[in-house]
Amino acid sequence: QSYAEFLAECQRAADERMHAEVETIRARFDRQLDRLEERLIASQRDLKEDREQLRAREAEDRWTGIENLVGFMLGRTPYRPMSTSTMRERLVKKTRAEVEQGKETIERLRTQIEGVKREAQALFQASQSKWARVAQDIQELRVTPRRGDILVELFGVGWTPHWQIEIDGVTAEIAAYRGV
């Protein structure tokens, strides 16, 4: 086998190992990304619901304020309307906090997903460079056989008689037997 053929064979073997290693890395990170993306989708859905709930509560709070104002103008007692208004404001604040928490969760998950992708990409590149170096790391190794390492299974001597003649200064060989 020539050096170029041997180098190509080493490259092919290194490529096979690299692809196997990359698939192992990909499988591990695919599981992580799937879990994170599922959590991201759930968080986005929750954020949408929280925003809708916030809009509804803000509308309720506005209407409660209007009702309280009209009630004061008509001479109603302020105790019940004030407690209702306070309760509505508290619910609006709580829902706003949930919306902000949902935004932070989504941003954190997106950051984690990007981090996992960067980590996977770094491992892919490290694997490729490692196997490229391995394929190029060829060293000559002299192997000296020992007598005990040699096993002769078949031995023979073959001979075919030929006439060696010279014709006009050119040497030629002619079979000295008749083939069957």
Side-chain angles (χ1 to χ4, degrees), residues 1 3-141:
Q1 194 174 43
Y3 180 80
E5 290 170 337
F6 181 72
L7 184 62
E9 185 68 24
C10 290
Q11 186 64 46
R12 185 191 59 73
D15 285 345
E16 287 176 5
R17 294 261 178 97
M18 180 196 63
H19 289 304
E21 188 173 298
V22 164
E23 284 304 313
T24 302
I25 294 168
R26 179 172 283 127
R28 187 179 96 207
F29 282 99
D30 279 348
R31 286 190 302 271
Q32 284 181 357
L33 285 173
D34 287 344
R35 283 193 308 270
L36 287 171
E37 287 172 352
E38 286 172 5
R39 287 176 50 200
L40 177 64
I41 290 169
S43 294
Q44 288 172 334
R45 184 179 54 245
D46 291 345
L47 178 62
K48 183 179 177 184
E49 291 170 3
D50 288 345
R51 283 182 174 161
E52 289 172 4
Q53 190 175 25
L54 177 62
R55 278 193 291 273
R57 288 196 173 163
E58 285 175 339
E60 288 173 2
D61 188 43
R62 280 192 301 273
W63 283 110
T64 301
I66 292 170
E67 288 173 357
N68 288 343
L69 185 61
V70 170
F72 283 132
M73 294 166 109
L74 296 176
R76 292 193 190 144
T77 178
Y79 299 114
R80 175 81 174 126
M82 292 304 272
S83 66
T84 303
S85 181
T86 305
M87 179 186 68
R88 298 261 188 234
E89 286 178 25
R90 185 176 45 80
L91 289 175
V92 167
K93 285 181 183 178
K94 179 182 173 195
T95 306
R96 276 192 188 123
E98 289 173 355
V99 167
E100 288 304 313
Q101 184 181 10
K103 287 179 183 178
E104 291 171 4
T105 300
I106 287 172
E107 189 58 37
R108 189 179 70 249
L109 286 171
R110 285 184 177 152
T111 303
Q112 286 177 349
I113 288 171
E114 288 304 314
V116 168
K117 286 180 180 179
R118 280 193 303 274
E119 185 181 350
Q121 188 64 33
L123 287 175
F124 290 150
Q125 289 174 348
S127 176
Q128 287 174 342
S129 63
K130 176 182 85 172
W131 288 108
R133 281 191 315 274
V134 166
Q136 298 297 322
D137 186 22
I138 297 174
Q139 299 173 1
E140 185 175 322
L141 177 64

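Small disclaimer: the values here were computed from a predicted structure and weren't measured. The first residue of the sequence shown is numbered 1, and numbering continues consecutively from there.
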- Considering the options Val134, Ile138, Asp15, which one meets the side chain to side chain contact (heavy atoms under 4.5 Å, CB included) requirement together with Cys10? Ile138
- Query: Is it the case that Thr95 and Gln53 place a side-chain donor and acceptor less than 3.5 Å from each other?
  - Reply: no
- Query: What distance do Ser43 atom OG and Gln101 atom CD have between them, rounded to the nearest 0.5 Å?
  - Reply: 9.5 Å
- Any idea which heavy atoms bring Leu54 and Arg96 closest together, and the distance? CD1-CG, 3.5 Å
- Query: What's the verdict on side chain to side chain contact (heavy atoms under 4.5 Å, CB included) for Leu123 and Arg28, showing C-alpha distance, side-chain angles and the deciding distance?
  - Reply: CA-CA 11 Å; Leu123 287 175; Arg28 187 179 96 207; 3.6 Å; yes
- To the nearest 0.5 Å, atom CZ of Arg39 lies from atom CG of Asp34 at 13.0 Å
- Task: Without swapping roles, check the side chain of Thr111 against the backbone of Glu107 for a donor-acceptor pair under 3.5 Å.
- Result: yes
- In terms of heavy-atom contacts, does NZ of Lys93 have more than 12 from other residues, nucleotides or ligands at under 6.0 Å? no
- From CD (Glu140) to OH (Tyr3), nearest 0.5 Å: 10.5 Å
- Message: Any carboxylate oxygen within less than 4.0 angstrom of a Lys/Arg side-chain nitrogen, looking at Glu38 and Arg35?
- Response: no
- In sequence, state the C-alpha distance, the side-chain angles, and the governing distance for Gln44 and Glu49, and then conclude on side chain to side chain contact (heavy atoms under 4.5 Å, CB included). CA-CA 9 Å; Gln44 288 172 334; Glu49 291 170 3; over 6 Å; no
- Does any N or O in the side chain of Ser127 come within less than 3.5 Å of the main-chain N or O of Phe124, such that one atom is a donor and the other an acceptor? no
- Message: Tell me the closest heavy-atom pair linking Ala135 and Leu7, and the distance in Å.
- Response: O-CD1, 3.8 Å
- Message: Given Trp131, which partner from the list Glu16, Met18, His19, Gln136 fulfils the side chain to side chain contact (heavy atoms under 4.5 Å, CB included) test?
- Response: Met18
- Looking only at non-hydrogen atoms, find the nearest pair between Leu36 and Leu109 and report the distance. CD2-CD2, 4.0 Å
- Can you check whether Gln112 reaches Gln32 side chain to side chain, under 4.5 Å on heavy atoms? no
- Smallest separation among heavy atoms of Leu40 and Ile106, with atom names: CD1-CG2, 3.7 Å
- Value for OG1 (Thr105) from CZ (Arg110), rounded to nearest 0.5 Å, stands at 11.5 Å
